[in-house]
Amino acid sequence: MRVGIGYDLHPLAADRPLVLGGVTVPHTSGLEGHSDGDVLTHALIDALLGAAALGDIGTHFSSEDERWRGASSVALLAKTRVILLEAGFDIANVDATIVAQAPKLAPYTQAMRELLAQALDVDSSNVSVKATTTDRLGAIGRDEGIAAVAVALINST
């Protein structure tokens with residue numbers, strides 16, 4: 001068994017949809033990014049790649065590569081699963097926390113779990129998504145951005 005940790009943070013932008021875990025969440029702004037800016041899915045990708053010692057999201061899906069401009073991060077997560085399989089790893093489980101002052105995310109976390117589980121080809125019981133605030137402290141507390149942290153457990157096949 002191997003474990004990896006991932007973290008991502010993006011600033012909010014007024015003219016983009018807010019996508020987290022593949023779910024479009026109603027909000028006044030979305031996240032800047034080369035792809036869809038989905039910090040939750042980006043953190044999961046980094047956790048999985050880190051657990052396998054296969055680099056990071058930038059190694060495989062560089063923001064310098066126009067193929068990934070506007071890409072669905074959930075599609076990148078599915079590609080990450082293939083990268084892990086080809087390297088001889090199975091995904092045991094993932095756990096993630098979104099850090100956002102707004103909007104309230106609890107109504108959306110189950111849909112996120114299901115979409116992420118589908119991309120990873122695991123049961124949704126092996127995918128945990130939670131959300132918290134910073135109690136109005138720092139840039140996230142001022143609603144300037146959203147972050148996510150994730151942990152992944154993988155097995156050698």
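The model shown is predicted, which means the values in this text are computed figures rather than measured ones.
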Is it true that atom CG of L85 has more than 12 heavy atoms of other residues, nucleotides or ligands lying nearer than 6.0 Å?
yes
Close side-chain approach of L54 and I83, heavy atoms under 4.5 Å:
yes
Could you check if a side-chain atom of S73 sits within less than 4.5 angstrom of a side-chain atom of H42, using non-hydrogen atoms only?
yes
Decide side chain to side chain contact (heavy atoms under 4.5 Å, CB included) for Q101 and R136; before the verdict, give the C-alpha distance in whole Å, the side-chain angles of both, and the deciding distance to 0.1 Å.
CA-CA 7 Å; Q101 194 61 45; R136 304 206 182 282; 3.6 Å; yes
Going by heavy atoms in the side chains, are K79 and F61 under 4.5 Å from each other?
yes
R113 side chain to N126 main-chain N or O, any donor-acceptor pair under 3.5 Å?
no
Check whether R69 reaches the backbone of H34 with its side chain - one donor and one acceptor, N or O, closer than 3.5 Å.
no
May I ask you to test the L153-M1 pair for a side-chain heavy-atom distance under 4.5 Å?
yes
Derivation and outcome, side chain to side chain contact (heavy atoms under 4.5 Å, CB included), residues K104 and H27:
CA-CA 9 Å; K104 296 295 181 196; H27 192 47; over 6 Å; no
Do the non-hydrogen side-chain atoms of W68 and L76 ever get within less than 4.5 Å of each other?
yes
For S156 against F89, the heavy-atom pair lying closest together
OG-CE2, 3.7 Å
Taking V99 as the starting point, is it possible to reach L116 by hopping between hydrophobic residues whose side chains are less than 4.5 Å apart?
no
Side chain to side chain, V25 and V19, heavy atoms closer than 4.5 Å:
no
Smallest separation among heavy atoms of A71 and S35, with atom names
O-CB, 3.3 Å
Between T157 and D90, does any side-chain donor sit less than 3.5 Å from a side-chain acceptor?
no
Looking only at heavy atoms, which two atoms of V39 and A147 are closest? And how far apart?
CG2-C, 4.0 Å
Locate the shortest heavy-atom distance separating A102 from D143; write the atom from each residue and the value.
O-OD1, 3.8 Å
Which is it for D8 and L40 under the side chain to side chain contact (heavy atoms under 4.5 Å, CB included) test, yes or no, and what are the steps along the way?
CA-CA 7 Å; D8 198 26; L40 170 57; over 6 Å; no
I'd like to know if L77 and L84 are part of one continuous hydrophobic network [Ile/Leu/Val/Met/Phe/Trp/Tyr, side-chain heavy atoms within less than 4.5 Å].
yes
Could you walk me through whether T80 and H60 pass the side chain to side chain donor-acceptor pair (under 3.5 Å) test, one step at a time?
CA-CA 8 Å; T80 301; H60 297 274; over 6 Å; no
In terms of heavy-atom contacts, does CD of E64 have more than 12 from other residues, nucleotides or ligands at under 6.0 Å?
no
Taking atom CZ of R16 and atom CG of D36, what is their separation to the nearest 0.5 Å?
7.0 Å
Assess whether side chain to side chain contact (heavy atoms under 4.5 Å, CB included) is satisfied between L31 and I146, documenting all intermediate values.
CA-CA 8 Å; L31 294 167; I146 295 177; 3.9 Å; yes
Answer yes if Y108 and L18 sit in the same cluster of Ile, Leu, Val, Met, Phe, Trp and Tyr residues linked by side chain heavy atoms under 4.5 Å apart, and no otherwise.
yes
So do the side chains of I98 and K130 get within less than 4.5 Å of each other, counting heavy atoms only?
no
Would you call R81 and I45 a side-chain contact if the rule is heavy atoms closer than 4.5 Å?
no
Write down the atom of L49, the atom of I57, and the distance for their closest heavy-atom approach.
CD1-N, 3.8 Å
Please name the residue in the list T97, D46, D95, L9 that meets the side chain to side chain contact (heavy atoms under 4.5 Å, CB included) test with V149.
T97
Side chains of E114 and Q118, donor plus acceptor under 3.5 Å:
no
On a heavy-atom basis, the closest approach of G22 and D38 is N-OD2, 2.9 Å
